[in-house]
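Have a look at the structure below before the remarks.
For this chain, numbers begin at 1 and follow the sequence in order.
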Amino acid sequence: MKIELDGGGKVKMAAPPQQWHGDEVMQTAVFAGEQMMAVTDDAGRFDLHYLGFKTTGFASLEDAKASAQAFARAVLAHMAGLI
């Protein structure tokens, strides 16, 4: 099976991957063409949100960002398992 990007896919995949933008409260980056968000919670810890999934409890924004690749892989593997 041959796959290729359509117009919308080309736009999504053109965004610089895994480059974080934002401030000390919330930052976003693109993983596999989809936006991930690192954001503080009410207790001052950090959560990652991606494709409707989240992982919580990071002590710092840097800790959350350091775990982002593994989180994205885990979400995508979980979603593949749903097919």
Side-chain angles (χ1 to χ4, degrees):
M1 172 185 313
K2 180 181 176 186
I3 64 169
E4 59 187 66
L5 293 171
D6 64 11
K10 288 177 184 175
V11 170
K12 285 184 174 188
M13 297 305 284
Q18 301 175 35
Q19 292 183 12
W20 292 93
H21 303 280
D23 56 28
E24 65 278 354
V25 176
M26 183 187 81
Q27 292 190 19
T28 61
V30 174
F31 287 79
E34 297 293 333
Q35 188 177 62
M36 182 182 295
M37 178 175 56
V39 63
T40 56
D41 64 16
D42 292 338
R45 297 183 64 80
F46 287 83
D47 303 337
L48 290 172
H49 296 261
Y50 185 62
L51 294 173
F53 295 88
K54 70 178 182 175
T55 187
T56 63
F58 295 98
S60 70
L61 180 60
E62 292 307 314
D63 288 346
K65 289 168 30 176
S67 296
Q69 284 185 343
F71 176 54
R73 286 187 183 108
V75 167
L76 294 171
H78 175 75
M79 291 177 70
L82 298 174
I83 299 171

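- Contact record, Ser60 with Phe46: C-CD1, 3.4 Å, taken as the closest heavy-atom pair.
- In the displayed structure, Lys12 atom NZ is contacted under 6.0 Å by at most 12 heavy atoms of other residues, nucleotides or ligands.
- Expressed to the nearest 0.5 Å, how far CH2 of Trp20 lies from CD of Glu62 amounts to 10.0 Å.
- The two residues Phe58 and Ala64 make their nearest non-hydrogen contact at CG-CA, 3.6 Å.
- Heavy atoms only, all atoms of each residue included: Glu34 and Tyr50 are closest at O-CE1, 3.5 Å.
- Thr40 pairs with exactly one of Leu61, Asp47, Val25 by the side-chain contact (heavy atoms from CB on, under 4.5 Å) rule, that one being Val25.
- Rounded to the nearest 0.5 Å, atoms CZ (Phe71) and CG (Leu51) are 8.5 Å apart.
- No more than 12 heavy atoms of other residues, nucleotides or ligands shown are found within 6.0 angstrom of CD1 on Ile3.
- Residues Leu5 and Lys10 approach most closely at O-CE, 3.6 Å, considering heavy atoms.
- A distance of 12.5 Å separates NE2 of His49 from OG1 of Thr28, quoted to the nearest 0.5 Å.
- Contact between Phe53 and Val75 at its shortest, heavy atoms only, is CD1-CG1, 3.5 Å.
- With contacts defined as side-chain heavy-atom distances shorter than 4.5 Å, the pair Met36/Leu48 qualifies.
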